[in-house]
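The structure appears below as structure tokens.
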Amino acid sequence: MNLIKKTFWDATGSKVQSGCIIAAALALAFVPKVSSDVYTPLFLSWIMAYCIMSLSWSFFSGKAGYVSLATASFYGVGMYLQAILGRELPLWTNMILAAAFAFCVGIVIGIVTLRLRGIYFTIFTFGLTLFLNKFFHWYEGTVTRTKGRMVKPYDNITVFYSLLVLFAITVIAMLLLNKSKFGLSLKCIGQNEDSAQHLGVSTTKSKVLAFALSAAPVGAVGAIMCTKAGYIDPDTAFGLNYSFFPVLMAIFGGMASTYGPIVGSVIFFVLQDYLLRKPDEIMIFGRQIVVGDMIIFGAVMVIVILAMPKGLFGTIETLIAKRRKRAQEVPEDA
Amino acid sequence: MNTFLLILINGCIQGSAYALMAMGMSTQYGVVRILNISHGEFIVIAAVTTYMLQSRTGLHPLAALAIACPIVFIISYLLHITIYRRAGRMSPNMGVFEGNAILISFGIYLIVQSLIQTNIGSAPMRYPFMMTSVNIGGVGFAAAGLFVMLIAIIICVIYTFFLSSTRLGKSIRAAAQDSQAASLHGVKINRIMALCFAIGGVLAACAGVLMSMKDQFSSTSGLGYTTIAIIIVVLGGLGSVKGAILGGFILGVVGYAVSHFIDSVFMISAFYLIILLLLIIRPKGLLGR
């Protein structure tokens, strides 16, 4: 108990922060008890799922500066693991197994690709998702001769609490890792890889380990969210959106702080949910044109990257810094 | 021998279309540093335009080049001067810009893709064109495919000639090598960048028109084209146009051989394996510098 307390203390740093985290976790934990709506826990589960994915993305890519588009691969791997083992094993073992499996996949991919720099890594991870998609299509077409798989369903409450536990573990682990020597060496790689090497950071090892660590929670999320899908096939499991949305959410929130990706995910998921349910036809030049939610989503994506390169947190920070500077300057003039 | 001929010529037919797709992407990446994920959508736009023209007015599909190319040129040019140029100005260094450009192009992919899909539908499209077959060495080949290969090779030759011998082509190559030095020597770098992005789009449009003559396509096939183009560009060497042409033909032949001997589902997997090996052995690609 003491050890847990100490780790938690180390991770959060200040009393206000740790208080806020505990309060938020408790409030979240009581939501299913209070709310009578069946949809609320599921809605919150999806938000947490995206939070975990964008957090783990920003842990590796945000720091080390390698844009990874492999999130969907790990998510899909976790999904398929749950779909295959779901009938034999309970959910929590599958979560651990999926995390371990995604970790191993991350190690292998990391060893192969992380010697490459910059754009090659992005291309490779982008292709990986498509490759796994095609591979599973082939596997289902010729080996098992099925189209997709049925998944054993779990109720919303179980899914909600599993994700809450995973979310808490991920946040604390990220906070701890950010302050550790390992996190610092990753940041160093992101700023200048050559100088990092000269300073004695073993760059390839750190990169591979960080990449694999960022893969593990995503695999577990895949295993959990799979149970809500009911039926999965390669296209739902390895959808490209799962690669790009976490990236967008992390960038939108801002990667300088651990809380940035969380804020970004919440805002973006609510937006996406709203767009999915709104009427989607507008009139242009007297002709009816169907505007799917993806059109607005794409536009938002472009605008966010153009208008807020530092993310919400970064923009707010610069604003505050400017205001402070102005406040300091005023007395000098007077 | 017959099988060999079959695979070689059919592979080259496929490869010539691939080469066109990849040339556009290679130009866009090599000069402007944008790995354009919406590239395949412009191929689809051109293909759909051709389909509409052909089925409504009965024009020869090649005539669609005169309509699709300007449309895509203008869209791409506007995209660059409004969006990508701004992103470039904001990014502190090239690495950040490349990352942002990929994300922006994915956003544009989402927009264009769902615009096409929601307004046209995702039914497969195909129109009849040159339905005869030509006998070469005892094997029959689709006349449409050979026609497509001929036109594609002509376009490749014209484009490489344009790059190597005209003044504009030389300034494009200068900008690709070192944009700062080029701008110091009087190359109007912003104009060249936008122009290159638009030329990449035009090549995509050419590929789309030609692809529609010989293959079935639908509004969702854009991402598949993008993937193949990316693989070829990596195979040939990022930014190398000649590498893109070579890579296109190699992948065409390999892809046809794989689908002939094993299964066409394996095609992308085989491409991916090639890339995997290449990235380990020679990361800069076949003709990369």
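Per chain, numbering begins at 1; letters A, B, ... match sequence-line order.
- Chosen from V112(B), I37(B), I108(B), V233(B), the residue pairing most often with chain A at heavy-atom distances under 4.5 Å is I37(B).
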Does the side chain to side chain contact (heavy atoms under 4.5 Å, CB included) test come out yes or no for L223(B) and L130(A), once each step is laid out? CA-CA 10 Å; L223(B) 193 64; L130(A) 298 165; 4.2 Å; yes
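- The one candidate from I102(B), I230(B), I231(B) that meets the side-chain contact (heavy atoms from CB on, under 4.5 Å) condition with I123(A) is I230(B).
- The residue among V112(A), V67(A), T122(A), V302(A) with the most heavy atom pairs within less than 4.5 Å of chain B is V302(A).
- Between chain A and the residues M94(B), E98(B), M267(B), R33(B), the most heavy-atom pairs under 4.5 angstrom are made by E98(B).
- Taking CZ of F131(A) as the start and CG of L273(B) as the end, the distance is 5.5 Å to the nearest 0.5 Å.
- Considering all non-hydrogen atoms of both residues, I104(B) and L306(A) come closest at CD1-CD2, 4.1 Å.
- Taken to the nearest 0.5 Å, the OG1 atom of T227(B) stands 7.5 Å off from the NZ atom of K134(A).
- Heavy atoms of F271(B) lying under 4.5 Å from chain A are absent altogether.
- Under a cut-off of 6.0 angstrom, the local environment of CZ in F269(A) is crowded, with over 12 non-hydrogen atoms contributed by other residues, nucleotides or ligands.
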Would you check, one step at a time, whether the test ring-ring contact (aromatic ring centres under 6.0 Å, His included) holds for F124(A) with Y272(B)? CA-CA 9 Å; F124(A) 190 90; Y272(B) 204 70; 5.5 Å; yes
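- Contact annotation for L248(A): neither backbone nor side-chain heavy atoms come within less than 4.5 Å of a heavy atom of chain B.
- By number of non-hydrogen pairs under 4.5 angstrom with chain B, the leading residue of L240(A), V300(A), L128(A) is L128(A).
- Rounded to the nearest 0.5 angstrom, L110(B) CG and M301(A) CE are separated by 6.5 Å.
- Rounded to the nearest 0.5 angstrom, N100(B) CG and I251(A) CD1 are separated by 6.0 Å.
- Of the two parts of L35(B), only the side chain, counted from C-beta on, holds a non-hydrogen atom closer than 4.5 Å to a non-hydrogen atom of chain A.
- The one candidate from N241(A), I305(A), L69(A) that meets the side-chain contact (heavy atoms from CB on, under 4.5 Å) condition with F106(B) is N241(A).
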